[in-house]
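Whatever order the structure lists them in is the order used to number ligands and atoms, beginning at 1.
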Amino acid sequence: MKKTLSLSLTGVALALSLSAAAQADESASAALIAKGQYLATAGDCGACHTAPGGKPFAGGLSLQTPLGSIYSTNITPSKTAGIGAYSLTDFEKAVRHGVRKDGANLYPAMPYTSYSKVTDEDMKALYAYFMQGVQPVDDKGPQTDLPFPFNIRLSMAGWNLLFADDKPFTPDNSKSAEWNRGAYLVEGLAHCSTCHTPRNALMAEESGKALAGASLGTWFAPNITSDVHAGIGSWSDQALSAYLTTGNSGEGSQAGGPMLEAINKSFSHLTPTDIKAITAYLRDVPAQQINPTATKTQITPAKQVNELELLSGNASEGANLYNSHCASCHQLSGEGRNGLPALAGNAALRRPVADNAVMAVLDGLVPDHGQAMPAFSRHMNDQQVATLVNYLFDNFGDARVQTTPERVKELRAGGNPSPLLAVAKGGMVAGGVIVLAILLFFVRRRQRK
Ligand code: HEC
Ligand code: HEC
Ligand code: HEC
């Protein structure tokens, strides 16, 4: 009797300690999954891997590239349609090196050139989240079919050799922990350079011009280096943090288009500590003078569109369009009113190109925080949009910047196709030319070393 009791007591103690261990395991893995979810948000994986109205991470979003449409793939843990059969190593290879489980190369529309900076530890958390925290979806969705020679995925191996930098992030010990955290996020998961760094003719980021501003085909992602005139050097820390978390700097800059989307889905969910780290790092990004933003002093003073001009019946067509469509919110002289931004001196009217102002008018702006602006694409033709936007630049911004009805038409249609597209359609000949170009480039690069 006594013996059985002590035996069963040992049994209970064993069972208790086993279940405590299981619980500790479970909460450790819950913590890992939660960390992975945060990192997936910081990496904005959902922005590309979730189609409008589609299931989370089931892919199928069409990404317009100069070479044609590339569809994002299903990255739910479905064994048949997603990445359910990926091991941690397979996952790491895809995310950091752009290589699929079957060995095929991914197109760099997947920002693996930035994600290569993600640490092993964070990779494990991301993997835990995608395997255990995401609902599997058994639908493969549309498949990418690029023209020759880009349908040969092996050609990406050459591209990777030339352009992909898959060195992991190495902290700079001469800088603070905060700076290093910011650098890790900006250069890695938050992939700011994917949009803000100009690309060469073969679509690779130009490393010597990091964050100096680039056109995304429609929207223009401005220079965000520390340069005081061309970049964000004159912004206060508070304005930068406010812009990254709400889309409104409070000092004349509001986010639109792809930046607003990144803020809504990703940056607004980052912790204040991470936003502070990003801000600290941006302050220190080497200044670049290309793609300058006009400073306020270069702006011609607002011509005061006043009611007299309207009443006299002599108002220009631009003024009439402005007064009938825009003045109710932005006010007659573009001064704005509570919560509705001023257009006089607005950052959107100081960019090196007018594209963002055109895009804002065509598509409108819908921030998660604050008031929205309606889309006007159905209410105005190309000529009217161009006249109106030129009126804005003349009166409220950098008058040297103008647009044309032809450009508005292009932007409505999704931006300018790059000459590479025509080349790609040229088929065989083009294939040869591109391979040759890549070889020449490679040879030149090696010679320089
Ligand atoms: C800017 C858009 C974009 C973002 C952001 C993005 N991806 Fe992708 N991803 C793609 C595209 C496009 C493909 C498919 C490319 C192809 O077919 O060559 C892809 C492919 C993949 C694959 C390969 C799956 C397969 O077998 O086809 C994995 C894994 C993946 N992404 C994971 C991630 C993770 C994790 C994140 C966030 C950290 C992320 N992606 C963020 C665009 C994106
Ligand atoms: C998907 C593309 C994309 C990504 C990723 C992106 N940006 Fe942007 N960003 C843009 C575009 C486009 C604009 C211009 C928005 C406008 O004019 O309304 C912009 C504007 C900005 C501005 C305002 C600059 C000004 O002069 O008004 C800042 C600051 C900025 N981005 C910082 C960042 C940082 C920091 C990151 C990474 C943490 C980042 N962006 C990631 C596309 C992007
Ligand atoms: C219903 C009110 C409303 C009307 C009408 C309106 N806007 Fe706006 N506009 C806004 C708001 C709100 C924002 C800032 C949105 C944000 O914070 O993202 C904005 C922002 C802008 C911006 C800055 C965009 C950027 O990317 O930084 C421009 C340019 C602009 N509006 C032009 C116009 C023009 C031109 C018209 C007339 C065709 C117009 N707006 C009509 C409310 C309005």
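Residue-ligand proximity, A372 to ligand 3, at heavy-atom distances under 4.0 Å covers atoms 12 (C), 42 (C). Which parts of ligand 1 touch R100 is read off a 4.0 Å heavy-atom cut-off, strictly below it: atoms 25 (C), 26 (O), 27 (O). The A190 neighbourhood of ligand 2 comprises atoms 37 (C), 38 (C), with distances under 4.0 Å to a heavy atom of that residue. Listed by number with element, the atoms of ligand 1 under 4.0 angstrom from any heavy atom of Y86 are 24 (C), 25 (C), 26 (O). Residue A348 approaches ligand 3 through these ligand atoms, each under 4.0 Å from one of its heavy atoms: 23 (C), 24 (C), 25 (C), 27 (O). Less than 4.0 angstrom separates some heavy atom of L392 from each of these atoms of ligand 3: 35 (C). Against a heavy-atom cut-off of under 4.0 Å, Q254 is close to the following atoms of ligand 2: 18 (O). Near I70, the atoms of ligand 1 lying under 4.0 angstrom from a non-hydrogen atom of the residue are 12 (C). Near L388, meaning under 4.0 Å from any of its heavy atoms, are these atoms of ligand 3: 35 (C), 38 (C).
In this structure, E261 falls outside the shell of residues with a heavy atom less than 4.0 angstrom from ligand 2. By the 4.0 Å heavy-atom criterion, P367 is counted among the residues contacting ligand 3. Not a single heavy atom of A40 lies less than 4.0 angstrom from ligand 1. The closest approach between any non-hydrogen atom of M380 and ligand 3 is below 4.0 Å. Note on ligand 3: P374 sits in its first shell, one or more heavy atoms being nearer than 4.0 Å.
Counting protein heavy atoms only, atom 12 (C) of ligand 1 is closest to L63 CD1, 3.4 Å. Protein heavy atom closest to atom 18 (O) of ligand 2, with residue, atom name and distance, is G256 N, 2.8 Å. Nearest protein heavy-atom neighbour of atom 5 (C) of ligand 1: Y115 OH, 3.3 Å. Regarding atom 22 (C) of ligand 2, its nearest protein heavy-atom neighbour is Y243 CE2, 3.3 Å. In terms of protein heavy-atom proximity, atom 26 (O) of ligand 2 is closest to R351 NH1, 3.2 Å. The nearest protein atom to atom 17 (O) of ligand 1, hydrogens excluded, is given as R153 NH2, 3.0 Å; this is a heavy-atom distance. In terms of protein heavy-atom proximity, atom 27 (O) of ligand 2 is nearest to S253 OG, 2.7 Å.
Within a 6.0 Å sphere centred on CG of D284, other residues, nucleotides and ligands contribute more than 12 heavy atoms. By the neighbour-count criterion of 12 heavy atoms within 6.0 Å, atom NZ of K209 is sparsely surrounded, having that number or fewer from other residues, nucleotides or ligands. Within 6.0 Å of atom CD in Q143, more than 12 heavy atoms from other residues, nucleotides or ligands are found, so the atom counts as buried in its surroundings.
Contact check for Y38 versus T271: side-chain heavy atoms found under the 4.5 Å cut-off. Between T113 and H191, every side-chain heavy-atom pair lies at or beyond the 4.5 Å cut-off. In this structure, the side chains of Y243 and I263 come closer than 4.5 Å at one or more pairs of heavy atoms. You'll find the side chain of Y127 stays beyond 4.5 Å of the side chain of E92, heavy atoms only. A heavy-atom distance below 4.5 Å is not found between the side chains of E335 and L340. By the 4.5 Å heavy-atom criterion applied to side chains, C329 and M373 are not counted as neighbours. At least one side-chain heavy atom of Y107 sits under 4.5 Å from a side-chain heavy atom of T144.
Checking R96, R100, K101 one by one against D90, the salt bridge (charged side-chain N to carboxylate O under 4.0 Å, His left out) holds for a single residue, K101.
Residues K265 and D44 are not paired through a salt bridge, judged by the lack of any N-O separation under 4.0 Å between the basic side chain and the carboxylate. The residues D138 and K55 are annotated as not salt-bridged, no charged nitrogen and carboxylate oxygen being separated by less than 4.0 angstrom.
Heavy-atom proximity to atom 16 (C) of ligand 2, evaluated over I275, N356, L189, is greatest for N356. Which of L282, L260, L216, D274 comes nearest to atom 35 (C) of ligand 2 through a heavy atom is settled by distance: it is L282.
No hydrogens or angles considered: a donor-acceptor pair under 3.5 Å links the side chains of D394 and Q402. Using modelled atom types and a 3.5 Å distance limit, the side chains of T225 and D227 yield no donor-acceptor pair. Judged by distance alone, the side chains of Y281 and E187 do bring a donor and an acceptor atom under 3.5 Å apart. N248 and T246 share no donor-acceptor pair across their side chains, judged by distance under 3.5 Å alone. Judged by distance alone, the side chains of T41 and Q37 never bring a donor and an acceptor atom under 3.5 Å apart.
Only the backbone of D44 comes within contact range of ligand 1, with a heavy atom under 4.0 Å; no side-chain atom does.
The backbone N or O of T194 lies less than 3.5 Å from a partner atom in the side chain of R199, making a donor-acceptor pair. Looking only at distances, no side-chain donor or acceptor of Y115 sits under 3.5 Å from a matching main-chain atom of M110.
Each protein N/O/S atom under 2.8 Å from atom 8 (Fe) of ligand 3 was counted, for a total of 2. For atom 8 (Fe) of ligand 2, the count of nearby protein N, O or S atoms, meaning those under 2.8 Å away, is 2.
You'll find the ring centres of Y184 and F169 inside the 6.0 Å limit.
Below 3.5 Å of separation, one finds no N or O of N105 facing any N or O of ligand 1.
Shown here for F393 and A357, the closest heavy-atom pair between the two residues is CE1-CB, 3.9 Å. The two atoms that bring S226 and R283 nearest to each other are CB-O, 3.3 Å, heavy atoms only.
Within the sub-2.8 Å shell of atom 8 (Fe) of ligand 1, the protein contributes these N/O/S atoms: H49 NE2, M110 SD.
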*Evaluate the criterion salt bridge (charged side-chain N to carboxylate O under 4.0 Å, His left out) for residue pair D237 and K276; output intermediate values, then yes/no.*
CA-CA 8 Å; D237 282 349; K276 219 171 138 250; over 6 Å; no

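Every residue two or more places apart in sequence or in another chain was checked for a salt bridge (charged side-chain N to carboxylate O under 4.0 Å, His left out) with K124, and none qualifies.
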